[in-house]
Each structure stands twice: as C-alpha cells, then as structure tokens.
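Read the structure below first, then the notes.
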Amino acid sequence: YLGFEDSNTYKNFFINIFSNPMVSKDEIDEIKKVIPDRVWKQEYLAEFLDGQGIVFTNFRQCINNTPEKRQGDVYYAAIDWGKTDSTVLTVMNQRKEVVDIYRLTNLDYTLQIKLLAEHLNLWKPKVVVCEENSMGTVCIELLKKAVPYKIKAVTLTNSLKKELVEALIVAFESSSITILDNPILLNELSIFSCEYNPKTQNIYYGAKSPLHDDTVCSLFYCLYAAS
C-alpha cells in the first residue's frame, strides 16, 4: 500500500468504515462497543498493524483477590483438559468475578476426574463448560458420571476460539470481569498472542510453542459459561 504512494502507474486509496454512507454513526458506535480495540483498528479503521502481538492489555487492572461472596450467588465453571500440559478448572460467579482456579498436572485422568468432582462440589455450579477436543470426549463422559451438574461440551474450532478470545478481550477492556492474582494466569495472559494471516485473512490466537495457555482457555470458557 505505502509502496505505491509515489507511483505514476498505480494509485492507492484509504477507505474505512467512516467512508461508507450506508453505515450510520449509531451502528458504528454499537460495533465499537462489542469488538476488541485491535480488531476495530484493523478491520474497521483499515489500520496496518504488526502481524503478531500481545492480545490482553488491561487484565492487571481487573485483579480482585477478594470477590465478595453474597447469598444467592450462582457459579459457572469451565475445564480445559491437559495432556502434555495442565488441566485447569476455573469458577466465576454471575457478576463475572473469578473465584477459583484449580490446576492439575501430570495426573492420570481417573484421578483428575475424582479431584475435579470434589472441587466442583465446593461450588455447585449451574453449568460446567468442557473442551471436547482430543481426550475431552472421554473425560466428559467420566465427569458426567461423577457429578450431578449440567455439562456443556464445546468443540474448539479456530472461529469459535476467535469469538471466545475476543469476548474476553472486550471484558478486560470494559473491566466487566475480575480475575485472581494467580501468577500462572497472569503470565499466560501476558504472553498470549495473535497473528494475522494475510493469505487467509484470519486472526489466530494462542500461546506460541512451547508456551502454554491452559489457564487462559479455561478462563474464556468460563466467561462463555457465565454469559
């Protein structure tokens, strides 16, 4: 684009959403409210951004280690299963305040199910969202036999991951979620990145190998459960 600025053969044009007479200011304002700032700049303002970058920028301002426990609170849980990494259970209330993060590492799945069931019984969640990918199907069936709570299985495609990650970005940007001061979660949030593929025009989110994002995945599943 910039390379053609001084060309006598080609001409470049800059057009963003404000150039479109078919989109009203009210519509633009609504769009901006519900999408992440990075996506707004790239997809709607037509700004050229770096091919990859850090995703979450406001999460440290959303730390609350003492969420208030009120009578009648409803809890939502989510599990990201781990094979070579950790299995993570996250619990939040209806105000989207994270109240618990429970990690299990290097344990066989039979023991994991037992420990997860004991932990879920502490909160009695309204629903438990579980990743169905890979070993998730077997683990979900075992968990259904171990607890009486509603289990919602989710198959994580790239498009769904994009949707869930961007919902979490918006939650942090609007301070509509609080998290615990958990060093593993904070580290994984800080290294979680995105990469734009110009060929497919898709954005891919995740931690770069060999880094992990188990607590982040469990968190965005939990936000999905509570929304």
Side-chain angles (χ1 to χ4, degrees), residues 55-56 59 63-67 69 73-93 96-158 160-161 164-165 167-168 177-193 204-227:
V55 173
F56 304 110
F59 60 90
I63 293 173
N64 177 15
N65 265 341
T66 56
K69 190 170 184 178
D73 272 351
V74 178
Y75 296 100
Y76 302 85
I79 298 171
D80 180 71
W81 305 105
K83 189 173 183 181
T84 57
D85 47 10
S86 300
T87 291
V88 181
L89 165 67
T90 302
V91 183
M92 69 170 54
N93 59 29
K96 299 182 176 63
E97 298 169 332
V98 174
V99 296
D100 195 9
I101 299 171
Y102 184 54
R103 294 177 71 250
L104 298 170
T105 306
N106 297 325
L107 297 176
D108 67 72
Y109 289 118
T110 302
L111 181 55
Q112 284 193 35
I113 296 299
K114 178 179 182 296
L115 296 173
L116 288 168
E118 291 174 355
H119 216 75
L120 287 168
N121 286 334
L122 299 175
W123 298 103
K124 299 178 173 54
K126 183 176 181 179
V127 63
V128 184
V129 169
C130 297
E131 179 189 18
E132 195 171 22
N133 303 48
S134 186
M135 78 294 295
T137 302
V138 174
C139 292
I140 288 169
E141 290 306 311
L142 292 172
L143 188 63
K144 284 180 178 178
K145 296 175 182 178
V147 297
Y149 315 114
K150 179 182 177 181
I151 308 293
K152 182 173 182 177
V154 174
T155 300
L156 191 64
T157 61
N158 185 64
L160 178 59
K161 186 173 187 179
L164 298 181
V165 169
L168 183 56
I177 185 176
T178 67
I179 57 174
L180 301 176
D181 190 7
N182 179 290
I184 296 174
L185 173 61
L186 298 182
N187 179 62
E188 289 189 1
L189 285 168
S190 71
I191 62 174
F192 197 84
S193 63
Y204 298 92
Y205 290 105
K208 292 188 176 300
S209 181
L211 305 174
H212 299 292
D213 56 10
D214 332 304
T215 57
V216 176
C217 293
S218 182
L219 178 59
F220 65 59
Y221 283 133
C222 199
L223 179 63
Y224 171 68
S227 299

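Note that CD of Glu141 and CD1 of Ile151 are 10.0 Å apart. Values are rounded to the nearest 0.5 Å. To the nearest 0.5 Å, atoms CD1 (Ile184) and CG (Leu189) are separated by 12.0 Å. Atoms CD and CG, on Glu131 and Asp80 in that order, are 4.5 Å from each other to the nearest 0.5 Å. In this structure, Thr90 OG1 and Ile79 CD1 are separated by 9.5 Å, a value rounded to the nearest 0.5 Å. Considering OG1 of Thr178 and CE of Met92, their distance stands at 8.0 Å, rounded to 0.5 Å. Between the CZ atom of Arg103 and the CG atom of Leu185 there is a distance of 10.0 Å, given to the nearest 0.5 Å.
When each of Ile140, Asn133, Val88 is checked for a side chain to side chain contact (heavy atoms under 4.5 Å, CB included) with Trp81, only Ile140 meets the rule.
For Asp214, there are no salt bridge (Lys or Arg N to Asp or Glu O under 4.0 Å) partners two or more places apart in sequence or in a different chain.
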Throw together a table of side-chain donor-acceptor distances under 3.5 angstrom for residues 219-227, partners on residues two or more places apart or in other chains.
from   : atom 1 : to     : atom 2 : distance (Å)
Tyr224 : OH     : Lys152 : NZ     : 3.1
Ser227 : OG     : Leu223 : O      : 2.6

Show every donor-acceptor pair shorter than 3.5 Å between a side-chain atom in residues 116-123 and any protein atom, with sequence neighbours excluded, or say none if there are none.
from   : atom 1 : to     : atom 2 : distance (Å)
Glu118 : OE2    : Lys114 : NZ     : 2.8
His119 : NE2    : Asp100 : OD2    : 2.5
Asn121 : OD1    : Tyr149 : OH     : 2.7
Asn121 : ND2    : Ala117 : O      : 3.1
Trp123 : NE1    : Asp100 : OD2    : 3.0

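Using a 4.5 Å heavy-atom cutoff, the side chains of Asp213 and Tyr205 are not in contact. Taking 4.5 Å as the limit, every side-chain heavy atom of Val91 sits out of range of all side-chain heavy atoms of Pro125. Looking only at side-chain heavy atoms (C-beta outward), Phe59 and Ile177 stay at 4.5 Å or farther from each other. Proximity of Val128 to Val147: side-chain heavy atoms (C-beta onward) are nowhere separated by under 4.5 Å. Residues Asp73 and Val99 fail the side-chain proximity criterion, which asks for heavy atoms closer than 4.5 Å.
A donor-acceptor distance shorter than 3.5 angstrom exists from the side chain of Ser218 to the backbone of Ala78, with no hydrogens or angles considered. A donor-acceptor pair under 3.5 Å links the side-chain atoms of Gln112 to the main chain of Leu107, judged by distance alone. At least one donor-acceptor pair closer than 3.5 Å links the side chain of Ser193 to the backbone N or O of Gly206. Checked by atom type and distance alone, the side chain of Asn93 pairs as donor or acceptor with a backbone atom of Glu97 at under 3.5 Å.
Remark: the Glu132 side chain and the Thr155 side chain contain an N/O donor-acceptor pair separated by less than 3.5 Å.
Shortest non-hydrogen contact noted between Lys150 and Lys126 is CB-O, 3.7 Å.
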Go through it in stages, so that I can follow the logic: the residues are Val98 and Asn182, the test is side-chain contact (heavy atoms from CB on, under 4.5 Å), and I'd like the CA-CA distance, side-chain angles, deciding distance and then a yes or no. CA-CA 11 Å; Val98 174; Asn182 179 290; over 6 Å; no
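Shown here is Asp108, whose CG atom has more than 12 heavy atoms of other residues, nucleotides or ligands within 6.0 Å.
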